[in-house]
Amino acid sequence: MTRRPIIIDTDPGIDDAVALAIALFSEKLDVRLITTVAGNVGLEKVTKNAVHLLEFFGKKVPIALGAARPLIKAPIDASDIHGSTGMDGFDFKEPKEDLVLKEHAVNAMYRVIMENEGPTTLVPIGPLTNIALLLSMYPDVKEKIDEIVLMGGSLTRGNYGVMSEFNIAADPEAAKMVFHSGVPIVMAGLDVGWKALVFPEDSEKLKDMNETGNMIYHLFQKYRGGSMKTGLKMYDSCAIAYLLKPEMYEVAETFVDIELSGSMTAGCTVVDLRGYLKQPNNAKVCVDIDPVMFKEWFMESLSKCK
Ligand code: RIB
Ligand code: CA
């Protein structure tokens, strides 16, 4: 079976860690490069977390550091959710091998995509700063990207602002550039993430499942301060789930734009399902998910990890 070449742009991040585990151990995906972006916590910390995860997984995928801050906005972070390290809860070993490239993430993405004979899929699961920079610095790369499958945005309410989701709110200008780039986009937003839940009983199953499950179990004890009763949202895994089991989703092809100037709505994704803005479609938006199918897929995928 030919594996789908992908690049994951990430800000680990506890839910990023789970998404990376599923992607790296999937027989259907070929993770060619992991790029880091400031988001949940600062660039140095998210990169350290990515290095720790690849060492833990025993996967030799190159890592390249990207943007340390958004294009225009002042940086925000989510250390209240993920802890001060960005991945509190587990004591990772220091890496034996240095997987971190000297190249900037944008240049590494461009090189890896152009070197690939076929198309590459970009999978951003953090703020879109690196992706916006890639598309504006190297516009010729667009013809070699088949899809951008991202975690971000919301059809309804936000989780950072009243109407804004964290990844988009962190760098709304970058998000606007990406959604107007002309590259096919799949948006897995909060609406599906809110149904992609892990409960205490699921976490207990992970604890004894395998080494990865046990590590994730310990991270979950710290995620959002450990409040798991209402379910932990596996936001970033929703982007990977679209690649591996798209049938769990209801998808609408529509026009999405990013509000930049609203005094109370800046950073929100305007998902124009009824065509009021009379713009051509630019995204497939995951409008609903089968939560049972997601949970079965999620646990099955983690059972394939080390
Ligand atoms: O809003 C959820 C997103 O913000 C996830 O990618 C999470 O890791 C944080 O980056
Ligand atoms: Ca993330």
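One-based numbering, in listed order, for ligands and for the atoms of each. For the single chain, residues carry numbers from 1 onward in sequence order.
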Problem - Enclosure of Lys28 NZ (heavy-atom neighbours >12, cutoff 6.0 Å) - result: no
Practice task
May I ask you to decide whether Glu173 forms a salt bridge with Lys73, counting only side-chain N to carboxylate O separations under 4.0 Å?
Solution key: no
Problem - Salt-bridge contact Arg4-Glu147 (side-chain N to carboxylate O under 4.0 Å) - result: yes
Problem - Shortest protein contact, atom 6 (O) of ligand 1 (heavy atom only) - result: Asp236 OD1, 2.6 Å
Exercise for the section: Mind checking whether Asn159 contacts ligand 1 via backbone (N, CA, C, O), side chain (CB onward), both or neither, at a 4.0 Å heavy-atom cut-off? Expected result: side chain
Would you mind listing which atoms of ligand 1 come within a distance below 4.0 Å of any non-hydrogen atom of [X]?
X: Glu165; result: 1 (O), 2 (C), 3 (C), 4 (O)
X: Asp16; result: 8 (O)
X: Asp11; result: 10 (O)
X: Asp15; result: 5 (C), 6 (O), 7 (C), 8 (O)
X: Phe166; result: 1 (O), 4 (O), 9 (C), 10 (O)
X: Met151; result: 2 (C), 3 (C), 5 (C), 6 (O)

Handout entry: CA sep, side-chain torsions, deciding dist, call: Val123, Leu243, side chain to side chain contact (heavy atoms under 4.5 Å, CB included)
Key = CA-CA 9 Å; Val123 187; Leu243 297 171; 3.7 Å; yes
Problem - Test applied, side chain to side chain donor-acceptor pair (under 3.5 Å); reference residue, Asn40; option that passes from Asp15, Asp16, Asp77 - result: Asp16
Please state whether the rings of [X] and [Y] are parallel, tilted or perpendicular, taking 30° and 60° as the class boundaries.
X: Tyr223; Y: His82; answer: tilted
X: Phe90; Y: His218; answer: tilted
X: Tyr138; Y: Tyr110; answer: parallel

Practice task
Taking Arg3 for its side chain and Val31 for its backbone only, find out whether a donor-acceptor pair lies under 3.5 Å.
Solution key: no
Practice task
Check for a donor-acceptor pair, side chain of Tyr242 on one end and backbone N or O of Tyr249 on the other, with a separation under 3.5 Å.
Solution key: no
Practice task
Look at the N, O or S atoms of Ile125, main chain and side chain alike, and state whether any lies under 3.0 Å from the Ca ion (ligand 2).
Solution key: yes
Exercise for the section: Could you tell me whether any N, O or S atom belonging to Asp16 is less than 3.0 Å from the Ca ion (ligand 2)? Expected result: yes
Exercise for the section: Report the name of the N/O/S atom of Asp11 located nearest to the Ca ion (ligand 2). Expected result: OD1
Exercise for the section: Please find the N/O/S atom of Asp236 nearest to the Ca ion (ligand 2) and write down its name. Expected result: OD2
Exercise for the section: Check whether any N or O atom of Ile125, backbone or side chain, sits under 3.5 Å from an N or O atom of ligand 1, and answer yes or no. Expected result: yes
Handout entry: Polar atom proximity, Tyr235 to ligand 1 (N or O, under 3.5 Å)
Key = no
Practice task
Ignoring hydrogens, just give me the one of Leu150, Asn167, Ile81 whose non-hydrogen atom is nearest atom 4 (O) of ligand 1.
Solution key: Asn167
Completion exercise
In terms of its nearest heavy atom to atom 9 (C) of ligand 1, the top option of Val37, Asn40, Leu190, Asp77 is Asn40
